Amino acid sequence: MTRKIIIDTDPGIDDAMAIFFALRSPELDVIGLTTIFGNVHTTLATTNALRLLEIANRSDIPVIKGADNPIAAEYEGPVPFVHGNDGQGNLDLPPPTSKALDTTAAEWIIEQIMTHPGKVTLVPIGPLTNIALALRLEPRIAENVQEVVLMGGNAVVPGNATPAAEANIHNDPEAADLVFGANWRVTMIGLDVTHRVNMTRADIARYAEVGSAMTNHVMRMLPVYQGYFEKAYGSDGIYVHDSSAVAYVIDPTLFRTESWSIRVETMGISRGKTWPSLGEVVLPPWQNRPRVNVAVDVDSPRLVALEHARMIE
Ligand code: BDR
Ligand code: CA
């Protein structure tokens, strides 16, 4: 049975790869892309989402623009040194001919979940602002969603935006704390696992042999992203962040998880750090909080092979 998913995204080079991976996976029915600031401003994220669907020849899928700023702060701005000035590896892509729907991401997410109770999975691969806004507007989405599988956070490893925090959570810690605190099933695919999923240059080179519109786009945009990973981590290839969340929805057996409550630090130099409850004794900040399914280990070769197979089949 196919699963209806909404990808909430800030494309973003790895977002683009995750979206293509989902579109190529028969287990998934991508019913919409909602957009958010993060790698780029929300307006450019929306343009990029429309462009990506045009490249994939899937403009039948709606795009809905999300919030421009975090719920309790100002957006700190894009990261061109990671994703390029355009969020797509400086490709100077033509403007899309399609348009976003005339509603907000939060409202559209609520409408979809409430129209298909128990059938919609949210896959946020950017900051969690739209999801938190949707929860605030209609708390009943918590009992009507199928599942939330998000890319973000770092339970027992360092951050990437700062030594303490992962980029998606760092961009809106207050929103993240609301999402981890709601009574719904949340799986956190964070740096604990994504920094173990390495797609090497040799893996990437194999996309060049395919020659589809999607793999051609991936090959064109990846040099900027690879350059960042080489400089920042001395890495031969890229860490697979956003596609790892898509992979979990397709095949959770790729991961080992722990059941912890998560609190998000919203103050000071550790702003955006996701703190797991860890031991048996649950201390006051974590008390009365639901458990989150936190990914702590991953079968990296099998995950990379799965994504690769989907893109070349
Ligand atoms: C996350 O931050 C963004 O740069 C990526 O798209 C991913 O969603 C990784 O920390
Ligand atoms: Ca992202």
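Owing to the predicted nature of the structure, the values given are computational and were not obtained by experimental measurement. Each ligand, and each atom within it, is numbered from 1 in the order the structure gives.
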Under the salt bridge (charged side-chain N to carboxylate O under 4.0 Å, His left out) criterion, do E174 and R271 qualify, and how do the steps go?
-> CA-CA 10 Å; E174 285 82 5; R271 185 168 158 79; 2.9 Å; yes
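- When OD1 of D10 and OD1 of D15 are joined through the Ca ion (ligand 2), the resulting angle is 80° to the nearest 10°.
- Within the 4.0 Å heavy-atom criterion, neither part of V82 lies near ligand 1.
- Counting only heavy atoms from C-beta outward, the side chains of D14 and V240 never approach each other to under 4.5 Å.
- Residue I125 has at least one nitrogen or oxygen atom sitting less than 3.5 Å from a nitrogen or oxygen atom of ligand 1, judged on distance alone.
- Within a 6.0 Å radius of CG in N57, other residues, nucleotides and ligands contribute 12 heavy atoms or fewer.
- Nearest N/O/S atom of D242 relative to the Ca ion (ligand 2): this is OD2.
- Proximity of I13 to ligand 1, defined as any heavy-atom pair under 4.0 Å, is not found for any part of the residue.
- A donor-acceptor contact shorter than 3.5 Å is absent between the side chain of R206 and the backbone of A202.
- In this structure, a donor-acceptor pair under 3.5 Å is present between the side chains of E307 and S243.
- Backbone or side-chain N, O or S atoms of G12 do not reach the Ca ion (ligand 2) at under 3.0 Å.
- Remark: ligand 1 and D242 share an N or O pair separated by less than 3.5 Å (distance only, no angle test).
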